[in-house]
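I have placed the structure first, in the form of structure tokens, so that the comments after it can refer back to it.
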Amino acid sequence: MLNFIYYPISAVLWFWHKVFGYVLDPTAGITWALSIVFLVVTIRILLVKPTANQLRSSRKMQEFQPKMKELQRKYANDQQKLMVEVRKAQQEMGVRPMAACLPMLVQMPIFIGLFHVLRSFNRTGTGTGQLGMSIEETRNTPNYVFGVEEVQSFLDARLFGAPLSSYISMDPSGYGAFSPAGIAPDFTKANIIAVVLPLMLGAAVIMHFTARLSLNRNKKRQANNPKPAADDLKAQQMQMQMDMMQRIMLWFMPLLILAGGFLWQVGLALYMFTNGLWTFVQQRILFGIMDREEEEERQAKLEARRTSAPKPGAKPQNNKKRKK
């Protein structure tokens with residue numbers, strides 16, 4: 001049903017595996033791990049511009065709030081007219097509400113798709129969505145763009161002793177597919193934990209500090225802007241909602257990663273760690289760029305005010321008299 005997601009994800013993995021396979025052993029775990037890392041790189045490079053647009057849109061939304069309040073007062077009794085004027089004002093100021101959602105909307109299907117593609121290398125499981133194949137059937141069944149030889153290579157590959165599509169809560173009865181028929185598994189649950197747990201902890205810590213980076217920046221911005229008036233209930237409610245979302249990103253989301261990580265394959269944990277590290281570095285760079293842009297805009301506005309102000313000692317011009 002979601003083949004339009006599964007095939008592109010497996011195709012990108014296949015491409016990078018082929019690239020690294022020219023310089024490394026194509027059957028080695030590091031080669032397959034690098035293909036997952038560069039899946040992240042490929043996706044996040046494509047999302048750099050939308051992410052920058054998201055940050056700019058968030059800033060525009062804050063600048064748009066006074067105009068929004070003015071329109072709400074002006075068209076309090078005409079909601080249809082209010083919606084028309086709000087859209088018009090958003091276009092004039094370059095406000096794009098959907099820009100803030102695009103990076104997240106793109107990454108969620110990729111996360112789900114990668115989870116499915118990695119799980120589909122080993123189809124011996126009998127749980128929800130599993131096919132319950134025999135070991136021989138699993139090792140001789142293609143997986144989207146991956147042929148039989150590549151499926152076997154992936155199943156036999158190890159990253160620090162653990163198969164890339166194994167996971168902590170996996171039933172040991174499914175370990176057999178990770179070795180050719182007749183050969184006992186060469187790993188245990190302890191090997192999987194030893195790889196997944198550090199990646200989970202690393203991803204959670206990175207997400208926490210990425211959220212703290214945003215929180216500290218917002219606090220600095222709030223300190224430079226006037227607080228909502230005591231009678232402005234809507235502005236106060238919006239501020240409270242923003243504070244709540246920041247706390248969720250700061251503590252709840254990292255804890256959610258730790259909890260959900262027991263269901264992640266080794267490859268998916270590697271994906272999340274790499275993705276989180278990219279996000280942290282990208283945020284630092286983009287925040288620096290955005291702060292410089294804001295400072296340049298502020299200086300430009302101050303310069304415009306100085307040039308338009310009357311010179312000291314000059315009489316103010318009376319445009320009304322000039323028109324008469």
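Given the structure is predicted, the values throughout are model-derived calculations rather than measurements. Index from 1, following the sequence.
At least one side-chain heavy atom of Phe287 sits less than 4.5 Å from a side-chain heavy atom of Leu213. You'll find the side chain of Leu155 reaches within 4.5 Å of the side chain of Asn122, heavy atoms only. Side-chain contact check for Arg292 versus Ile289: some heavy-atom pair is nearer than 4.5 Å. The shortest side-chain heavy-atom distance between Leu256 and Trp251 does not fall under the 4.5 Å cut-off. Here the side chains of Phe262 and Leu258 are not in contact, with every heavy-atom distance at 4.5 Å or above. Side chains of Phe154 and Leu118 form a contact here, defined as non-hydrogen atoms less than 4.5 Å apart. You'll find the side chain of Phe280 reaches within 4.5 Å of the side chain of Phe209, heavy atoms only. Side-chain contact between Ile5 and Ile110: absent, with no pair of heavy atoms (C-beta onward) separated by less than 4.5 Å.
In the hydrophobic cluster analysis, where Ile, Leu, Val, Met, Phe, Trp and Tyr join through side-chain heavy atoms closer than 4.5 angstrom, Phe273 is grouped together with Ile193. Criterion: ILVMFWY side-chain heavy atoms under 4.5 Å apart, direct or through other members. Under it, Leu34 and Leu199 are part of a common hydrophobic cluster. Under the 4.5 Å side-chain contact rule for hydrophobic residues, Val23 and Val37 share a cluster. Taking hydrophobic clusters as Ile, Leu, Val, Met, Phe, Trp and Tyr residues chained together by side-chain heavy-atom distances below 4.5 Å, Leu39 shares a cluster with Val19. When the side chains of ILVMFWY residues are joined at heavy-atom separations under 4.5 Å, either directly or via intervening members, Phe4 and Ile112 end up in a single hydrophobic cluster.
With hydrogens and angles disregarded, no donor-acceptor distance shorter than 3.5 Å links the side chain of Asn275 to the backbone of Val40. Counting only distance, with no hydrogens or angles, the side chain of Asp25 and the backbone of Thr31 share no donor-acceptor pair below 3.5 Å. In this structure a side-chain-to-backbone donor-acceptor pair under 3.5 Å is present from Ser10 to Tyr7. One N or O on the side chain of His17 and one on the backbone of Pro26 form a donor-acceptor pair closer than 3.5 Å. In this structure, the side chain of Gln265 engages the main chain of Phe115 through a donor-acceptor pair within 3.5 Å. Side chain of Lys189 to backbone of Ile168: a donor-acceptor contact under 3.5 angstrom is found. Looking at Glu137, its side chain does come within 3.5 Å of a backbone N or O of Ser134 through a donor-acceptor pair.
Ion pairing between Glu150 and Lys18 holds under the 4.0 Å rule for side-chain N and carboxylate O.
Nearest heavy atoms, Pro163 versus Ser166: O-OG, 2.7 Å. Here the closest non-hydrogen pair linking Ala269 and Trp264 is CA-CE3, 3.9 Å. Ser179 and Ala184 get closest at one heavy-atom pair: OG-O, 3.8 Å. In terms of heavy-atom proximity, Phe121 sits nearest to Thr138 at O-CG2, 3.3 Å. Taking all atoms of both residues into account, the shortest heavy-atom contact from Pro109 to Ile9 is O-CD1, 4.4 Å. When every heavy atom of Val195 is checked against every heavy atom of Val266, the shortest pair comes out as CG1-CG1, 3.7 Å.
In this structure, Phe178 and Phe187 have perpendicular ring planes: the angle between them is above 60°, well past the 30° mark. Relative ring orientation between Tyr6 and His116 is described as parallel, the plane-to-plane angle staying below 30° on a 0-90° scale split at 30° and 60°.
Taking the six-membered ring for Trp and the full ring otherwise, the centers of Phe146 and Trp32 sit less than 6.0 Å from each other.
The CD atom of Gln282 sits 8.0 Å away from the CG atom of Leu47 when rounded to the nearest 0.5 Å. Put simply, CD1 on Ile43 and OH on Tyr271 are 4.5 Å apart, with the number rounded to the nearest 0.5 Å. Here the CE-CZ distance, from Met207 to Arg212, works out to 14.5 Å after rounding to the nearest 0.5 Å. Atom CG in Leu159 sits 11.5 Å away from atom CG in Asn191 (nearest 0.5 Å). To the nearest 0.5 Å, atom CZ of residue Arg44 and atom CG of residue Leu277 are 10.5 Å apart. Atom CG in Leu268 sits 11.5 Å away from atom CG in Leu164 (nearest 0.5 Å).
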Quiz item: Can you list the steps and then say if Asn3 with Tyr144 is a side chain to side chain contact (heavy atoms under 4.5 Å, CB included)?
Solution: CA-CA 9 Å; Asn3 287 342; Tyr144 296 100; 3.6 Å; yes
Exercise. Check the pair Asp156, Arg139 against salt bridge (charged side-chain N to carboxylate O under 4.0 Å, His left out), reporting the backbone distance first and the verdict last.
Key: CA-CA 10 Å; Asp156 295 341; Arg139 294 182 64 87; 3.0 Å; yes
Quiz item: Where do Tyr167 and Arg119 land on the side chain to side chain contact (heavy atoms under 4.5 Å, CB included) test, with the steps shown first?
Solution: CA-CA 10 Å; Tyr167 50 96; Arg119 184 177 67 170; 5.7 Å; no
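A side chain to side chain contact (heavy atoms under 4.5 Å, CB included) with Leu13 is found for exactly one of Thr42, Asn143, Leu114, Val145, namely Leu114.
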